[in-house]
Amino acid sequence: MSALLLAAIRSRAALGASVAVILLAAVLAVLAPYLPLADPDAMIAVPYSPPGAEHWLGTDNFGRDIFARIVWGTRLALTVAIVSSAIASLLGIVMGSIAGYFGGPVDAVLSRTFDVFLLIPSFFLVLLIVALFGSHIGYTMVAIALTTWPRSARIMRAQVLSLKSRVYVQAARAAGASHTHTLVRHIVPNGIAPIVTDATILMGLAILTEAGLSFLGLGDQNVVSWGRMIFEGQRQLRLAPWMSIFPGLSLLVLVAAFNLVGDGLNQALSPQLRRLAARATPRKPVAAEPGDSVTGTDAPMLEARGLTLAYALDGKMLRAVDGVSFSLPRGGSLGIVGESGCGKSSLGAALLQVMAPNATLESGDVSIDGRTVLRDGRVVQANGRDVIADMRWTSVSIIFQSAMNALNPVMTVGRQLAEAYRLHKPAATQAQVDGRIAEVFDLIGIPRSRLPAYPHELSGGMRQRVMIALSLLHSPGLVIADEPTTALDVLVQDQILGEIDDLRRRMRLSLILISHDMGAVAETCERVAVMYAGEIVEIAPTDVIFEGASHPYTQALLAALPTVTGPRRELVSIPGETASLVNPPAGCRFSPRCTRAQDVCRSTPPPRVALGPAHDALCHFPGPERAS
């Protein structure tokens, strides 16, 4: 129920309605003096008249038209919202930018100033300012701005701290740009997006604050305020409830509209949030059956059949993994290669069922270590719990790419390994936890003295070794290594891959290595699966792939692979762009880029052709590369 409510609030319809409400309020506020409305202060009608044709929303205890008063109250509410928010945001941008950019004593003084303002309840501070300087609406707006600007300042300070070390900022400074120029042209424009979002929330807060002051009798008595209307009507709730209901609803709707628009702006200004706003509808899980668990070592370590994973993006479904099938024997190793965007990492996420919120498994069967974890694209559950949830890290684990992002920066690596161990063995003693962590550190060649270190205190290669230790903590039978040497230099890459291969052989692990580096896969894996546009286009033993590849795409990848041995040859890049995963070609997905494509390739999906032992290709005309 809460998920449905959240989805409804974040829907485009809700955002459109909120924008319409704000635009309507703005039009009424601007045109209020020119509309054929009764004087909001004129006592021209019978008091307590109920809503009707003559007075749409009725009259109050003085015979004043409530509809006219609400329209004029809208004018005041928007004025307070815009002016207060603008002053608070501008002051916050200036002070937050100075604090974050210059740092040191300047940052210390300004940050403590922010803290002092934030410690004092803003409404009571507004009360104090209004009591000291008067209840004129101008003083009220300034008072609201002075109590809310530290919010914007803290947000801007955090943005500047993150942006000032970026390369383009350092380049501007190296080119001779002044501090002011650097802030105004390069830092503030890139960090202002959250301030814009917060400004809309501040508008709603300003409207509520002014209404609260007027409700308490501390607002400007010379203007029409929704807060004072609610105060006057609360004494007449039984006699004339419309006196409080209509201004209260107006207040609620306008404040809610500003908050929803703020949420929409946050998504619009953040591409990541905008992309992940769509959530795929999960398919109902299925219960485990007696045949879903196979004991013994005859079953393969991993088997996938017809696996399809799709992402919901902008109302369309992008199939990043489309009908993938393969198996991995116990103790075997499989390399998955292909261009960026071919679906390699999505395949690993699908196998472990750790997809993004906008991803869904549409079809396929997957079994790991003899246990079925996915049937017809539906998660298999046993005793009300996903089967894969009990197998992660104990039967199958993953080595994430970019270890600096995968490790928690505020926890020591030893503590992170200890928490991961206790998640699956909560009854373990401290001695058992420490002993196991020490064992895996010895196994991967990291001194135990580095256990108290934080991730930033370790080199890139050592951080990646910590990720390997994390994956081996519970002695899994299958390890999925997703680009485990990303951003490492070639020597460290070779060391890491060598250690992974050595650990696999010593511990008889099954390994899936996801990589764009064909050379790394050649040194580590027994078999290679080549992916293109969500499909495995060729799978074969490693020596067959590198000595006798049959699919044109595999041959094109090898032709673009540099070598330091053998005769010199010109590297040939693959022309064109990767096929769209939203609207893939009708025939072979590689046909628009294939030099051997014929009419049948462009019109008919290719068959999967068996070419030898454990070797098949998805192609109409597989075979050796033809001489040009």
Can you say whether the rings of H424 and H474 are parallel (under 30°), tilted (30 to 60°) or perpendicular (over 60°)? perpendicular
Taking it one step at a time, do E339 and T578 satisfy side chain to side chain contact (heavy atoms under 4.5 Å, CB included)? CA-CA 8 Å; E339 295 172 280; T578 305; 3.9 Å; yes
Does the pair L503 and L511 meet the rule for a side chain to side chain contact (heavy atoms under 4.5 Å, CB included), with working shown? CA-CA 10 Å; L503 289 169; L511 173 69; over 6 Å; no
May I have the step-by-step check of side chain to side chain contact (heavy atoms under 4.5 Å, CB included) for S397 and V479, ending in yes or no? CA-CA 5 Å; S397 61; V479 174; 3.7 Å; yes
Step by step, work out the side chain to side chain contact (heavy atoms under 4.5 Å, CB included) result for V396 and L302. CA-CA 10 Å; V396 55; L302 171 67; over 6 Å; no
Heavy-atom distance under 4.5 Å between the side chains of [X] and [Y], does that happen here?
| X | Y | value |
| --- | --- | --- |
| L558 | M518 | yes |
| V537 | R589 | no |
| L347 | I514 | no |

Can you pull the side chain to side chain donor-acceptor pair (under 3.5 Å) pairs that have at least one residue in residues 541-550, sequence neighbours excluded? none
Residues in side-chain hydrogen bond (donor to acceptor under 3.5 Å, both in side chains) with [X], at least two apart?
| X | value |
| --- | --- |
| Q416 | none |
| S327 | none |
| R508 | none |

Please check this pair: side chain of R463 against backbone of E457, looking for a donor-acceptor N/O pair closer than 3.5 Å.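 A pair under 3.5 Å: no.
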Output every pair passing ring-ring contact (aromatic ring centres under 6.0 Å, His included) with a member in residues 489-539, not counting sequence neighbours, ordered by first then second residue.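 Residue pairs with at least one partner in residues 489-539: Y532-Y553, Y532-F590.
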Under the salt bridge (charged side-chain N to carboxylate O under 4.0 Å, His left out) definition, can you give me all pairs with a residue in residues 467-476, not counting sequence neighbours? none
What closest approach, in Å, do G343 and V321 show between heavy atoms, and which atom pair accounts for it?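 Looking at all heavy atoms of both residues, the shortest contact is O-CG2, 3.9 Å.
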Using every non-hydrogen atom in the two residues, find where V380 and R375 come nearest and quote the distance to one decimal. CG2-N, 3.9 Å
